[in-house]
Asks: 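Can you keep this structure in mind? I'll have questions shortly.
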Amino acid sequence: MEIFSKELKDTDVRVRFSFPTHCLEHLDFSGNNFVDLRVKDSRGELRVIRCLKRNGDYDKPVLSRGWLKFVADYGLGVGDKVVLLREDDHTLGSQFRIEAQRRIVLFGREAWGEVTRATNY
């Protein structure tokens with residue numbers, strides 16, 4: 001089940017990644033203002049990415065610790081897309097799957113292709 005997908009902006013690739021507040025219903029903060037998400041990436045590797053809720057009246061969630069390493073490992077930039085899905089993998093111990101996607105043009109049609117490693121063009 002898809003929790004969110006978002007095209008990356010400059011702040012997302014340089015600082016932190018914010019995503020819609022309605023996605024908080026899928027996360028268990030257990031009374032804290034952060035939770036460490038155990039996510040499986042496209043290579044099948046376990047990553048731990050911290051999700052923070054901002055303090056105040058507006059609980060907009062952001063991915064912080066571990067996020068910029070994911071961006072670097074996949075060579076992500078502005079305009080690429082990230083998708084977070086609910087997917088339990090009991091063997092790996094993850095509760096989510098994260099995908100990186102890049103816009104491609106194939107036979108004159110635009111599509112999103114999965115990024116499985118950092119690439120240089």
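Because the structure is predicted, anything quoted here is derived from the model rather than measured.
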Asks: Got more than 12 heavy atoms from elsewhere within 6.0 Å of NZ, Lys9?
Replies: no
Asks: Shared ILVMFWY cluster between Phe4 and Val78, side chains joined below 4.5 angstrom?
Replies: yes
Asks: Could you measure the distance from the CD1 atom of Ile98 to the OG atom of Ser42? Nearest 0.5 Å is fine.
Replies: 8.5 Å
Asks: Can you confirm if the NZ or CZ of Lys53 lies within 45° of the ring axis of Phe29 and under 6.0 Å from the centre of its six-membered ring?
Replies: yes
Asks: Is the shortest distance from a Lys or Arg side-chain nitrogen in Arg103 or Glu110 to a carboxylate oxygen in the other one below 4.0 Å?
Replies: yes
Asks: With sequence neighbours excluded, give me every side-chain hydrogen bond (donor to acceptor under 3.5 Å, both in side chains) pair touching residues 61-70.
Replies: Lys69-Asp73
Asks: I need the minimum non-hydrogen distance between Leu92 and Gly44, along with the two atoms involved.
Replies: CD2-O, 3.5 Å
Asks: Would you give the length of the straight line joining atom CG of Leu24 to atom CZ of Phe19, rounded to the nearest 0.5 angstrom?
Replies: 6.5 Å
Asks: What's the verdict on side-chain contact (heavy atoms from CB on, under 4.5 Å) for Gln101 and Val83, showing C-alpha distance, side-chain angles and the deciding distance?
Replies: CA-CA 8 Å; Gln101 299 179 350; Val83 180; 3.8 Å; yes
Asks: Quick one: pull up CG in Asp41 and CZ in Arg47 and give me the separation to the nearest 0.5 Å.
Replies: 4.5 Å
Asks: Does the ring of Phe96 carry Arg86 above it, NZ/CZ under 6.0 angstrom from centre and within 45° of its axis?
Replies: yes
Asks: Is the backbone N or O of Ser30 less than 3.5 Å from a side-chain atom of Asp28, with the two atoms forming a donor-acceptor pair by type?
Replies: yes
Asks: Any heavy-atom pair between the side chains of His26 and Met1 that's under 4.5 Å?
Replies: yes
Asks: Please answer whether the main-chain N or O of Ser18 pairs with a side-chain N or O of Lys6 as donor and acceptor at a distance below 3.5 Å.
Replies: yes
Asks: Could you walk me through whether Lys40 and Glu45 pass side-chain contact (heavy atoms from CB on, under 4.5 Å), step by step?
Replies: CA-CA 5 Å; Lys40 179 170 67 172; Glu45 296 174 5; over 6 Å; no
Asks: Apply side-chain contact (heavy atoms from CB on, under 4.5 Å) to Leu63 and Arg16, showing your working.
Replies: CA-CA 6 Å; Leu63 299 181; Arg16 67 189 167 282; over 6 Å; no
Asks: Which residues pass the side chain to side chain contact (heavy atoms under 4.5 Å, CB included) test with Asp80, sequence neighbours left out?
Replies: Leu8, Leu76, Arg102
Asks: Using a 3.5 Å distance criterion without hydrogens, assess whether the side chain of Asp89 forms a donor-acceptor pair with backbone atoms of Gly93.
Replies: no
Asks: Which value, rounded to the nearest 0.5 Å, describes the distance between Ile3 atom CD1 and Leu84 atom CG?
Replies: 4.5 Å
Asks: Could you tell me the separation between the CG atom of Leu37 and the CZ atom of Arg50, rounded to the nearest 0.5 Å?
Replies: 10.0 Å
Asks: For Val39 versus Ile49, what's the shortest heavy-atom pair and its separation?
Replies: CG2-CD1, 4.0 Å
Asks: Heavy-atom distance under 4.5 Å between the side chains of Pro61 and Leu52, does that happen here?
Replies: no
Asks: Applying a strict under-4.5 Å side-chain criterion to I, L, V, M, F, W and Y, I'd like to know whether Val115 and Phe70 cluster together.
Replies: yes
Asks: Quick one: CD on Glu99 to CH2 on Trp112, what's the gap to the nearest 0.5 Å?
Replies: 12.5 Å
